[in-house]
Amino acid sequence: QVQLVESGGDSVQAGGSLRLSCAISGSTSNRRCMGWFRQDPGKEREGVAVLETRDDNTYYADSVKGRFTISRDNARNTLYLQMNSLKPEDTTIYYCAARRQTCLGSEDLYGRTWAFADWGQGTQVTVSS
């Protein structure tokens with residue numbers, strides 16, 4: 001069992017930056033794919049970025065490519081999402097997730113939230129114009 005706890009959500013103005021953190025505890029050694037997703041209430045959860053722990057390859061949704069960076073700190077068992085040049089349309093709840101299977105690359109970002117077994121509770125990001 002793995003526990004994921006997000007933090008770092010806040011309210012910022014457009015153009016600003018935030019760094020989200022996801023503290024991971026439990027049986028983390030067999031979690032090969034980790035990622036960040038976001039979801040508006042009543043809408044489908046969408047992928048933001050995923051990271052393959054075997055080689056640290058990363059994949060991003062087109063909407064955030066060049067602005068967001070996913071990374072991890074093994075010593076702290078923490079997954080990060082650095083978000084720069086934030087836009088009002090980035091406003092929503094952000095979730096981190098993990099699974100045992102390896103990442104499938106960009107395929108994990110579109111319609112594959114069901115493939116992730118472990119989820120955090122989410123953190124709110126609000127970007128004002």
Side-chain angles (χ1 to χ4, degrees):
Q1 191 72 16
V2 171
Q3 294 78 43
L4 308 173
V5 179
E6 302 96 334
S7 62
D10 205 344
S11 297
V12 296
Q13 291 194 325
S17 297
L18 282 176
R19 188 176 77 161
L20 304 183
S21 299
C22 176
I24 307 169
S25 61
S27 303
T28 61
S29 61
N30 60 359
R31 268 31 181 197
R32 302 293 295 277
C33 186
M34 299 180 180
W36 288 94
F37 296 77
R38 61 188 185 184
Q39 183 178 25
D40 284 329
K43 294 188 178 180
E44 188 174 350
R45 192 167 294 188
E46 62 178 18
V48 175
V50 293
L51 181 149
E52 169 62 53
T53 61
R54 178 180 53 184
D55 53 19
D56 281 336
N57 276 345
T58 57
Y59 305 89
Y60 297 91
D62 290 341
S63 59
V64 306
K65 203 170 293 183
R67 300 188 298 123
F68 291 10
T69 302
I70 186 173
S71 64
R72 65 180 180 138
D73 184 331
N74 288 337
R76 292 183 169 83
N77 280 339
T78 302
L79 185 72
Y80 299 104
L81 184 68
Q82 177 67 43
M83 305 187 295
N84 298 329
S85 302
L86 282 162
K87 304 176 181 180
E89 51 263 43
D90 295 319
T91 295
T92 189
I93 302 172
Y94 286 73
Y95 301 85
C96 65
R99 71 162 188 250
R100 296 182 180 182
Q101 297 79 16
T102 58
C103 292
L104 297 180
S106 58
E107 288 184 41
D108 283 314
L109 300 172
Y110 304 101
R112 283 185 53 86
T113 56
W114 56 266
F116 288 82
D118 308 305
W119 291 89
Q121 82 290 348
T123 186
Q124 175 71 47
V125 171
T126 303
V127 184
S128 58
S129 57

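Everything numeric in this text was worked out from a predicted model, so none of it was measured. The chain is numbered in sequence order, starting from 1.
- Of all non-hydrogen atoms in T53 and R31, the two that sit nearest each other are OG1-O, 3.3 Å.
- Between C103 and E52 the shortest heavy-atom distance is N-OE1, 2.7 Å.
- Counted within 6.0 Å of CD on Q1, heavy atoms from surrounding residues, nucleotides or ligands total 12 or fewer; the atom is thus considered open.
- Under a 4.5 Å side-chain heavy-atom cut-off, the cluster of Ile, Leu, Val, Met, Phe, Trp and Tyr residues that includes L109 is completed by F37, V50, Y59, I93, Y95, Y110, F116, W119.
- Distance check: C33 SG to D118 CG gives 11.5 Å after rounding to the nearest 0.5 Å.
- When the shell of 6.0 Å around CD of E44 is examined, it contains 12 or fewer heavy atoms from other residues, nucleotides or ligands.
- Of all the heavy atoms in A14 and P88, the pair that sits closest is CB-CD, 4.1 Å.
- Side-chain atoms of D73 and T78 form no donor-acceptor pair, as typed in the model, at a separation below 3.5 Å.
- Here side chain to side chain donor-acceptor pair (under 3.5 Å) pairs that include residues 96-107, with residues two or more places apart or in two chains, are R99-D108.
- With a 4.5 Å cut-off between side-chain heavy atoms of Ile, Leu, Val, Met, Phe, Trp and Tyr, the cluster of M34 takes in V2, L4, V12, L18, L20, I24, W36, V48, L51, Y60, V64, F68, I70, L79, L81, M83, L86, Y94, V125, V127.
- At least one side-chain heavy atom of Q124 sits less than 4.5 Å from a side-chain heavy atom of T91.
- The two residues K43 and Q39 make their nearest non-hydrogen contact at O-NE2, 2.8 Å.
- Here the NZ atom belonging to K65 is positioned 10.0 Å from the OG1 atom belonging to T58, to the nearest 0.5 angstrom.
- No donor-acceptor pair closer than 3.5 Å links the side chain of E6 to the backbone N or O of T123.
- Closest approach of S17 to S85, counting heavy atoms only: OG-N, 4.3 Å.
- Between the Q82 side chain and the R19 main chain, no donor and acceptor come within less than 3.5 Å of each other.
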